[in-house]
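Data first, discussion second: the structure below is written as structure tokens.
Below, all heavy atoms of this structure are taken into account, side chains as well, without hydrogens, waters or symmetry copies.
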Amino acid sequence: MAPLQDRMLRFFFLLLVAAPIGLILAGFAGYRIAKRALLPLDLMAARAESITASNLNDRIVVEHPHDELGHMAKVLNHLLERLEQAFVQLQRFTADAAHELRTPLSSLRATGEVALQESRNESGYRESIGSMLEETTRLNQTIDGLLLLARAFCWHAPRRHGPTVRTRRSL
């Protein structure tokens with residue numbers, strides 16, 4: 001019985017030493033496997049973080065379009081495409097609005113400069129001031145239209161109080 005008990009005691013000490021070492025090795029191996037498996041996700045995140053308003057035409061590379069990460073990359077690319085289109089529309093709108101505001105201001109300035117350069121009688125000055133008032137009315141209408149558009153956009157924009165994230169578990 002003593003040799004069996006001696007063997008059992010040695011086996012127990014061997015387990016006490018080998019089990020922690022085995023668990024540590026398994027932990028390192030699991031970490032390396034998980035890190036390697038998540039590398040494409042890290043690359044996608046780094047690529048997405050590098051995209052700014054000045055390079056919205058860049059996209060995330062889709063290596064495997066039929067797996068989960070490929071699907072996520074396609075979704076992000078579609079989002080970037082919609083953002084790029086929104087930025088282009090905003091730039092176009094801003095340029096058009098600037099032009100619409102600049103035209104009456106230029107007319108106001110020209111009318112004022114001409115009125116100051118020439119010696120006029122009272123009716124001439126009244127005509128110049130009347131022209132300037134017409135241009136300010138046009139300018140006010142343009143500004144009112146822009147404000148109406150801004151209010152309409154704010155009215156229709158969805159209001160959220162925080163990010164909504166749905167996972168497979170919540171579905």
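Electrostatic pairing of D96 and R92 does not count as a salt bridge here, judged by no charged N lying under 4.0 Å from a carboxylate O. Using a 4.0 Å cut-off between charged side-chain N and carboxylate O, D42 and K35 make no salt bridge.
Heavy atoms only, all atoms of each residue included: A97 and L146 are closest at CB-CD2, 4.0 Å. Annotation for L101 and P104: closest pair O-CD, 3.4 Å, computed over non-hydrogen atoms. For N55 against S50, the heavy-atom pair with the smallest separation is ND2-O, 3.4 Å.
Within the 4.5 Å cutoff, side-chain heavy atoms of R82 are placed close to those of L79. Side chains of L133 and T136 form a contact here, defined as non-hydrogen atoms less than 4.5 Å apart. Side-chain atoms of R59 and L80, non-hydrogen and from C-beta on, do get closer than 4.5 Å to each other. For the pair E81 and N77, the minimum side-chain heavy-atom distance is 4.5 Å or more. Contact of the E135 side chain with the T111 side chain is not registered, since no non-hydrogen atoms from C-beta on lie closer than 4.5 Å. Between E84 and N57 there is a side-chain heavy-atom pair separated by less than 4.5 Å.
Separating the CG atom in L105 from the CZ atom in R102 is a distance of 9.0 Å, to the nearest 0.5 Å. We find the CG-CE distance between D6 and M8 to be 11.5 Å, quoted to the nearest 0.5 Å. To the nearest 0.5 angstrom, E134 atom CD is 13.5 Å from L139 atom CG. Atoms CD and CG, on Q5 and L9 in that order, are 7.5 Å from each other to the nearest 0.5 Å. In this structure, CG in L116 is found 7.0 Å from OH in Y125, a value given to the nearest 0.5 Å. Rounded to the nearest 0.5 Å, atoms CD1 (I143) and CD (E100) are 11.5 Å apart.
Remark: F87 pairs with A53, L56 by the side-chain contact (heavy atoms from CB on, under 4.5 Å) rule, at least two apart or across chains. Contacts of T103 classified as side-chain contact (heavy atoms from CB on, under 4.5 Å), with partners at least two apart in sequence or in another chain: H99, R138.
Enclosure of atom CE in M72 is not indicated, since only 12 or fewer non-hydrogen atoms of other residues, nucleotides or ligands lie within 6.0 angstrom. Within a 6.0 Å radius of CD in E122, no more than 12 heavy atoms belonging to other residues, nucleotides or ligands are found.
No path of Ile, Leu, Val, Met, Phe, Trp and Tyr side chains, each step under 4.5 Å between heavy atoms, connects V62 with V75, placing them in separate hydrophobic clusters. Side-chain heavy atoms closer than 4.5 Å link hydrophobic residues (I, L, V, M, F, W, Y) into clusters, and following such links, even through other members, never connects Y31 to L23. There is a path of hydrophobic side-chain contacts, each under 4.5 Å, that joins L41 to L76. I60 and L38 fall within the same hydrophobic cluster, where Ile, Leu, Val, Met, Phe, Trp and Tyr residues are linked whenever their side-chain heavy atoms come under 4.5 Å apart, directly or through other members.
Partner F12 forms a side chain to side chain contact (heavy atoms under 4.5 Å, CB included) with one of L14, L15, L16 and no other, that one being L16.
Without hydrogens or angle criteria, S131 side chain to E127 main chain gives no donor-acceptor distance under 3.5 Å.
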